[in-house]
Number of protein chains: 2
Amino acid sequence: MADDLFKALADPTRRTILDELAQKSGQTLFEICARLSMKHQLGISRQGVSQHLAVLEAAGLVETRREGRYKFHDLNTGPLRQIADRWLAPHPSGPEENTP
Amino acid sequence: MADDLFKALADPTRRTILDELAQKSGQTLFEICARLSMKHQLGISRQGVSQHLAVLEAAGLVETRREGRYKFHDLNTGPLRQIADRWLAPHPSGPEENTP
DNA sequence: AGAATAGGCAAGCAATCACTTGCCTATCAA
DNA sequence: TTGATAGGCAAGTGATTGCTTGCCTATTCT
């Protein structure tokens, strides 16, 4: 649960995607591809971006809605709130399982 | 800069180390090893923990002070504040370089 | 119907990561 | 000084990751 969130944020390209979705909601895959290429000089394939979006969606940071052949992506900042709060006050015990 | 921070948080063992340092400041390497083993059943070598601490220190999340043969580790929550704030309001442009 | 558009699935590859093992240095106690 | 304690450095390994290429499905336009 928390693992997916932190791993999703670990990649700089994914963080840039979140930046773009924060700027403009409801972008399609191709629109995100174009923005990464034009504004950030990211030479990445469409599938690369698609896989990044899947990771972000698994982390709950991106939500999608389908309309016809379009799939719109929206940023969800909800999961971000639990991050900083975790280590601000001392906890009785770490709230995470850890068995890799 | 931000890259080190997010990559440091990506590993569950490192997050557990932060949990332990949040509970008790100024722990030594051996003390952290013992806690990971006893409280979290993490069968990890001393060097493994040492390398994790180096990553956390590079991210600015852990600060160290040497006294004699002991090296004490302290949690620094400062870098955590910039995380959640990044995507809460729409930015004019993403504040990160992205050239891997 | 046919072609273009938007997206998905899966195998393959190079780079990175977490972790271990082995040896070495520095500080303190006997 | 000898030995024990606390920590550091470096090479090696197996697994994960980011990305590409190739092909396939679904929806829309002419």
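Residue numbering restarts at 1 for every chain, and letters A, B, ... go by the order of the sequence lines. For clarity, every value in this text was computed on a predicted model and none was experimentally measured.
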Practice item. Would you jot down, in residue-number order, the residues of residues 29-36 of chain A having a non-hydrogen atom under 4.0 Å from DNA chain C? Key: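 Going residue by residue through residues 29-36 of chain A, the ones with a heavy atom under 4.0 Å of DNA chain C turn out to be A/Leu29, A/Phe30.
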Point to revise | Within residues 56-70 of chain B, residues whose heavy atoms come under 4.0 Å of DNA chain C | key: B/Gly68, B/Arg69
Take atom [atom1] of [X] and atom [atom2] of [N], then tell me their distance rounded to the nearest Å.
X	N	atom1	atom2	value
A/Ile44	D/dT17	CD1	C1'	12 Å
A/Leu42	D/dT20	CG	P	10 Å
B/Asp3	D/dT17	CG	C1'	14 Å
A/Phe72	C/dG7	CZ	C1'	13 Å
A/Lys7	C/dA18	NZ	C1'	11 Å
A/Leu9	D/dT17	CG	C1'	16 Å
A/Arg15	D/dG18	CZ	C1'	14 Å

Check your understanding: Which residue lies toward the 5' end of DNA chain D, B/Gln27 or A/Gly43, if each is placed at its nearest nucleotide?
Key ->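 So the residue in question is B/Gln27.
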Review point. 5'-most contact on DNA chain D: B/Ser50 or A/Asp11, nearest heavy atom basis?
Key: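 Of the two residues, B/Ser50 wins.
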Point to revise | N or O in side chain of B/His52 less than 4.0 angstrom from C/dC19 OP1/OP2 | key: yes
Point to revise | Any B/Ser45 side-chain N or O less than 4.0 Å from OP1/OP2 of C/dT20 | key: yes
Point to revise | Non-hydrogen atoms of B/Ala22 and A/Trp87 that approach each other most closely | key: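 Smallest heavy-atom distance, with atoms named: CB-CD1, 4.3 Å.
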Practice item. Please report the closest heavy-atom contact between A/Asn76 and A/Pro79, naming both atoms and the distance. Key: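 Shortest heavy-atom contact: O-CD, 3.4 Å.
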Review point. Looking at C/dG8, D/dG8, C/dA18, which one has an atom nearest to any side-chain atom of A/Lys71?
Key: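 Nearest to the side-chain atoms of A/Lys71, counting from C-beta on, is C/dG8.
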Practice item. With A/Gln27 as reference, evaluate A/His73, A/Lys71, A/Arg35 under the side chain to side chain donor-acceptor pair (under 3.5 Å) test and give the passing residue. Key: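 One option only clears the test, and that one is A/Arg35.
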Practice item. Under the salt bridge (Lys or Arg N to Asp or Glu O under 4.0 Å) rule, collect the residues that match up with A/Lys24, sequence neighbours excluded. Key: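 Listed in chain order: A/Glu31.
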Check your understanding: Of all residues at least two apart in sequence or in a different chain, which pass the salt bridge (Lys or Arg N to Asp or Glu O under 4.0 Å) check with B/Arg65?
Key ->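 Partners of B/Arg65 under the salt bridge (Lys or Arg N to Asp or Glu O under 4.0 Å) test: B/Glu67, B/Asp74.
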**Study point:** Base C/dG8 to side chain A/Gln47, donor-acceptor N/O within 3.5 Å cut-off
**Key:** yes
Name every donor-acceptor pair, under 3.5 Å, that has one atom in a side chain of residues 50-60 of chain A and the other anywhere in the protein, sequence neighbours excluded.
unit_1, atom_1, unit_2, atom_2, d
A/His52, ND1, A/Arg14, NH1, 3.1
A/Glu57, OE2, A/Thr64, OG1, 3.0

Check your understanding: Does B/Arg15 use its side chain to pair, donor to acceptor, with the backbone of B/Ala10 at less than 3.5 Å?
Key ->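 Answer holds: yes.
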Review point. Would a distance-only check, ignoring hydrogens and angles, find a side-chain to backbone donor-acceptor pair under 3.5 Å from B/Thr77 to B/Leu80?
Key: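 No, the answer is negative, given that no donor and acceptor are paired below the 3.5 Å cut-off.
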Revision key, fill the gap. Sorted by chain and residue number, the side chain to side chain donor-acceptor pair (under 3.5 Å) partners of B/Gln47 (sequence neighbours excluded) come out as none
Point to revise | Upstream residue (5' side of DNA chain C) when B/Arg46 and B/Gln51 are each assigned their closest nucleotide | key: B/Gln51
